[in-house]
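Worth knowing before you read on, the calculation uses all heavy atoms, side chains too, and leaves out hydrogens, waters and symmetry mates. A quick note: this is a predicted structure, and the numbers were derived from the prediction, not measured.
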Amino acid sequence: MKSRHSSIRSAIALLLVAAVILGFGYILFDIQIVNHDYYVAKNSAVRTYKIPIEAARGDIVDRNGNILVTNKQDSSIILDAAYFPPRSENEKRNRILYNLVKLFEKNGEEYINNLPLTIKNGKVDFTDDEEAVAVMKGPGAFNVQKYATAQNCFDVMKELYGLDGYSAGDALKIGALRYELTLNMFSIENPVTIAKSVSSETVAAIKEDSESYLGANVRATSSRDYPDPTLAPHILGTVRKINASEYEKLKDEGYGISDTIGGNGIEAAMEDELRGTPGELTITIDSDGNVSEEVTKNPVKGNTVVLTISKEMQSIAQKELKKTCDNISLYRGAGAVVVEDVHNGEVLAAASYPTYNILDYYDNYSKLAKNSRQPMWSRFAQGQYEPGSTFKPAMACAALEEGVITENTTFVCREKFQYYDQPFKCLAYHGTENVKQALRDSCNIFFYNCADKLGIAKMNEYASMFGLGEKTGVEISEASGVLAGPESAQRLGRVWQMGDTIQSAIGQSLNLFTPLQLANYCATIANGGTRYELHFVKSIVNSSTGSVDETNISVAEELPISNGTFAIVKQGMRMVATQGPPAPVFRNFEIKVACKTGTSQVKRNGVKDNNGFLITYAPYENPEISVASAIELAGSGTSTASITAAILDYYYKSGKDMPSAQSPGAIIQ
C-alpha cells in the first residue's frame, strides 16, 4: 500500500510536467500561429545595411567653358566589413592586412598611412605632424596621456591590435591600416579606403585571390584632375578629407567620416554646388550569413561651376607676372595682378607669384608649406600693401568734391612741405601744379595740402566709398586691408599724430590695401562711381536639368561723386599714361589707357626697398576693364607696366571677341 506522501509527490510531479508541456505548447502556438509572420521575417534576411556610393564632384570651368577642374576615374581598394573578419579575430585581420601591404609594396602602390609613428635610428618616434599625434593620443584612438612617448603609443597599438608577433617595421605597417579603420569607425555601413589610384596589376591580384585578401574590394572612385595644374591654383583651391569636427557638423547632411570636402578657394566656397548627391548600395545578410548587394540609388554628379576668369587671360597674367618678378629678382621677386570687368565686378584674371603646381599640394604639401617664399599664399587676395601714389586719385576726388580745391587750384612744389615743425618731401621740384598735373607728376606736395584741408576723417570717408580697407566680396578668402587713422593706430597701440594725416594722403602711413581692392577702386573711377562686389563665379549649371543659374550682379555702393569730378581725375590719369613715367609703354598704345603709378617704401631685414604699383583702365573714353598690379621690390609702378600692356594687348586683339568654347548649357552634355 502506497503512503499518502508518495501520492502527493506523484500528483505534484504530474502537475509540473503538465505545466511544462502547456508552457511549451503556448510558446509553440505563439510562434506558429499568433506571431508566425514576425518570426518568419526574423529568421530570414534580417540584417540590411545602407552604404553611400560616392558621387563625382562637379566640374569647374572658365567663362568660355574650358575645363579647369574635372574628375578622373580611379580604382581604390576598400575594406568591406561584411566580408572582413570581425574585431575579435585579430590575427586573421592582421594576416590579411600584412598580405595587402606586401602586395602594395611589390607593385609600388602607396597605401593610406595616417599613423604618426615612424622608426628613426632604430627607435620608434613621432612624425612631425603634431596635430596627428594629438589625435592618436586622444580618446577616439589610443586614449593615452598627453605626455605619452612614441614608444608608449607603439606598445598600446601592439596590444590593441594584437601585433606582438610581428617585427617593429611590420607592426607599424599593419598598425597603420588598423589605425585607419579605427579613425574611420569601420563597420558594414562604413567601409574604409586603404589605397587610392592603384594599378590594374593590384586590382587583378585582389580579385583573383579572395582568400588572401578577404574583405578587400575594388571600388571605382573619382579624384580631381587638372588639364593645367599650374593655372589659377589660388582661385581654384583644393579638396581634402573631411576632419572630425566638420564631420560632426555635416553628418546630418549626408557626409561620411571618410568623405572629401573643399579645402579652400572655389572648391570650398562652392562646396554645396560641387558636391554631388551620393547613391546608395544596400547590403543584405541572411540568417545563413549569405551576403547580397544591390544599388538602390544611383549617385548624381555635382553641378558645374562657371567662373568669370578667362583661361587664356589668366595664363597671360601669370606668365607676364612671373617674367616681371623674375627680372627684378630670381630669388625674391613676388607680386600679384588682377583684371576686372568695370561694368559688373567680374574678375577676368587674378594671379599671384610665386605660385605652385596644384598637384604638389597633394603630393608634396610639406615642402610647399616650408617654402620661405610662400607660394601657396594668395598675394592678390590676402597680400596687404601700402598703395603709394595709387591712392592719389581717391584724394583728388575727395578734395574736388568737398570743394577744398577746384580744377584750377594750384599749389607750389619746391620739394619740401613744412607742417608745423615736421618737414615732408616730394621726389622732385614740380613748381606750380593743378590737380591734373599733380596726378601726372605724382606730386606729394599738392596732396599734402589737400590732406591738411580735408582731415583724416573726410579722407577716409571717400576711401571707404571706393572700398579701400574692406573686403571686396569675392567668394574666396581675402584680407580686409587697413585704412590709416586714429582707430587703426589705436589697434597698434600708438597715438595718431597730425603728421600721420599728411603721410596718409600719398598712400603711406598705415594704409594697407589688397590688389583686389585696388582693381575695384580703379574700376569704380573708370565707370563713373558704381562700386560692384567682386566675384569669381559667373553661373552654376545644374548637372541634372542643364539649367543655368547666373550670378546676380551686386552693387556695393553708388558713390555720391559728380561726373565733373570724375572727368577731372580721369584726365589726370590719362596724362600719366601719355606724359608720365609709363608713357614709353602706353603713349603709342593702340588702345587709349588711363593709369596711376605708385611706390611705397618697405624694410626687409633692415634693408630699405620699394614696392611698385600700377592701376589702369581702358579704353580711356569708354572703359571696359581695369588692371591692378602690385610688385614687391619693383622700385616703381612704371616697371610693372609691361604686365598691364600684355594683358590689354591680349584682351583687345585676341580675347575680347573670342567665341566661347561651348555654351554654358552644353557644358554638361
Practice item. Mind running ring pair (Phe, Tyr, Trp, His ring centres under 6.0 Å) on F142 and Y179 for me, showing each step along the way? Key: CA-CA 9 Å; F142 294 169; Y179 182 65; 5.5 Å; yes
Review point. Can you tell if the side chain of L100 reaches within under 4.5 Å of the side chain of Y213, non-hydrogen atoms only?
Key: yes
Review point. Quick one: CG on L160 to CG on D155, what's the gap to the nearest 0.5 Å?
Key: 12.5 Å
**Study point:** Any donor-acceptor pair under 3.5 Å from N64 side chain to N66 backbone
**Key:** no
Check your understanding: Got L274 and D59 here, is their nearest side-chain heavy-atom distance under 4.5 Å?
Key -> no
Practice item. Scan for side-chain hydrogen bond (donor to acceptor under 3.5 Å, both in side chains) pairs involving residues 228-239, sequence neighbours excluded, and state none if there are none. Key: D228-T230, T238-N264
**Study point:** Presence of salt bridge, E632 and R373, under 4.0 angstrom
**Key:** no
Check your understanding: Does any non-hydrogen side-chain atom of L181 lie less than 4.5 Å from one of L79?
Key -> yes
Exercise for review: Check whether any side-chain N or O of N94 sits under 3.5 Å from a backbone N or O of N90 as a donor-acceptor pair, and report yes or no.
Suggested key: yes
**Study point:** V144 side chain near N152 side chain, heavy-atom distance below 4.5 Å
**Key:** no
Exercise for review: Please assess D326 against Y353 for the test side chain to side chain donor-acceptor pair (under 3.5 Å), listing each intermediate value before the final yes or no.
Suggested key: CA-CA 10 Å; D326 286 350; Y353 186 80; 2.8 Å; yes
Exercise for review: Please check if the side chain of K137 supplies one atom and the backbone of K146 the other of a donor-acceptor pair under 3.5 Å.
Suggested key: yes
Check your understanding: Is there any side-chain hydrogen bond (donor to acceptor under 3.5 Å, both in side chains) pair reaching into residues 241-252, and which pairs are they, with sequence neighbours excluded?
Key -> E180-K241, N184-K241, R240-E246, N243-S245, N243-E246, E248-K251
Point to revise | Atom CD of E89 with >12 non-hydrogen neighbours under 6.0 angstrom | key: yes
Practice item. Begin with the C-alpha distance, continue with both residues' side-chain angles, and end with the deciding distance and a verdict on side-chain contact (heavy atoms from CB on, under 4.5 Å) for L172 and T118. Key: CA-CA 7 Å; L172 279 178; T118 187; 5.5 Å; no
Exercise for review: Working to the nearest 0.5 Å, report the span between CD1 of I60 and OG1 of T304.
Suggested key: 9.5 Å
Practice item. Considering only NZ, NE, NH1 and NH2 on the basic side and carboxylate oxygens on the acidic side, decide whether E267 and R224 come within less than 4.0 Å. Key: yes
Check your understanding: Are I194 and F104 close enough that some pair of their side-chain heavy atoms sits under 4.5 Å apart?
Key -> yes
With a 3.5 Å cut-off and sequence neighbours excluded, list the donor-acceptor pairs that the side chains of residues 80-88 form with protein atoms.
{"residue": "D80", "atom": "OD1", "partner": "A82", "partner atom": "N", "Å": "3.1"}
{"residue": "Y83", "atom": "OH", "partner": "E293", "partner atom": "OE2", "Å": "3.2"}

Point to revise | Y365 atom OH, over 12 foreign heavy atoms within 6.0 Å | key: no
Review point. Side chain of Q314, backbone of A350: donor and acceptor closer than 3.5 Å?
Key: yes
Review point. How long is the gap from NZ on K92 to CZ on R95, to the nearest 0.5 Å?
Key: 13.5 Å
**Study point:** Spatial distance of atom CD1 (I119) from atom CZ (F154) [nearest 0.5 Å]
**Key:** 6.5 Å
Check your understanding: Do N303 side-chain atoms and S543 backbone N/O form a donor-acceptor pair below 3.5 Å?
Key -> yes
Review point. Between E475 (side chain) and M270 (backbone), is there a donor-acceptor pair under 3.5 Å?
Key: no
Exercise for review: Output yes when D62 and K538 qualify as a salt bridge under the 4.0 Å nitrogen-oxygen rule, no when they do not.
Suggested key: no
Review point. Is it true that a side-chain atom of S197 and a backbone atom of D74 form a donor plus acceptor pair closer than 3.5 Å?
Key: no
Practice item. Test side chain to side chain donor-acceptor pair (under 3.5 Å) on N99 and S212 and set out the steps. Key: CA-CA 7 Å; N99 293 339; S212 297; 4.5 Å; no
Point to revise | Any side-chain heavy-atom pair of T48 and T282 under 4.5 Å | key: yes
Check your understanding: Are the side chains of I266 and V537 in touch, meaning some heavy atoms are under 4.5 Å apart?
Key -> yes
Exercise for review: Say whether, by atom type as modelled, one donor and one acceptor occur between the side chain of E54 and the main chain of S222 under 3.5 angstrom.
Suggested key: yes
**Study point:** Taking every non-hydrogen atom, the tightest pair across G473 and E478
**Key:** N-OE2, 2.9 Å
Point to revise | S199 and E201: CA distance, side-chain angles, deciding distance, side chain to side chain donor-acceptor pair (under 3.5 Å) verdict | key: CA-CA 5 Å; S199 64; E201 290 81 6; 3.3 Å; yes
Exercise for review: Please answer whether the main-chain N or O of A479 pairs with a side-chain N or O of T514 as donor and acceptor at a distance below 3.5 Å.
Suggested key: no
Exercise for review: Might you confirm whether atom NZ of K370 has over 12 heavy atoms from other residues, nucleotides or ligands at distances under 6.0 Å?
Suggested key: no
Check your understanding: More than 12 heavy atoms of other residues, nucleotides or ligands under 6.0 Å from NZ of K158: is that the case?
Key -> yes
**Study point:** Q382 and S477: CA distance, side-chain angles, deciding distance, side chain to side chain donor-acceptor pair (under 3.5 Å) verdict
**Key:** CA-CA 8 Å; Q382 295 170 324; S477 176; 3.2 Å; yes
**Study point:** Distance, nearest 0.5 Å, that separates OH of Y362 from NZ of K196
**Key:** 10.0 Å
Practice item. Answer yes or no: does atom CG of D128 have more than 12 heavy-atom neighbours from other residues, nucleotides or ligands under 6.0 Å? Key: no
Exercise for review: Please say whether more than 12 non-hydrogen atoms of neighbouring residues, nucleotides or ligands are located less than 6.0 Å from CD in E189.
Suggested key: yes
Review point. Hey, does I476 have a side-chain heavy atom less than 4.5 Å from the side chain of F536?
Key: yes
Review point. Is there a donor-acceptor pair under 3.5 Å between the side chain of T182 and the backbone N or O of R178?
Key: yes
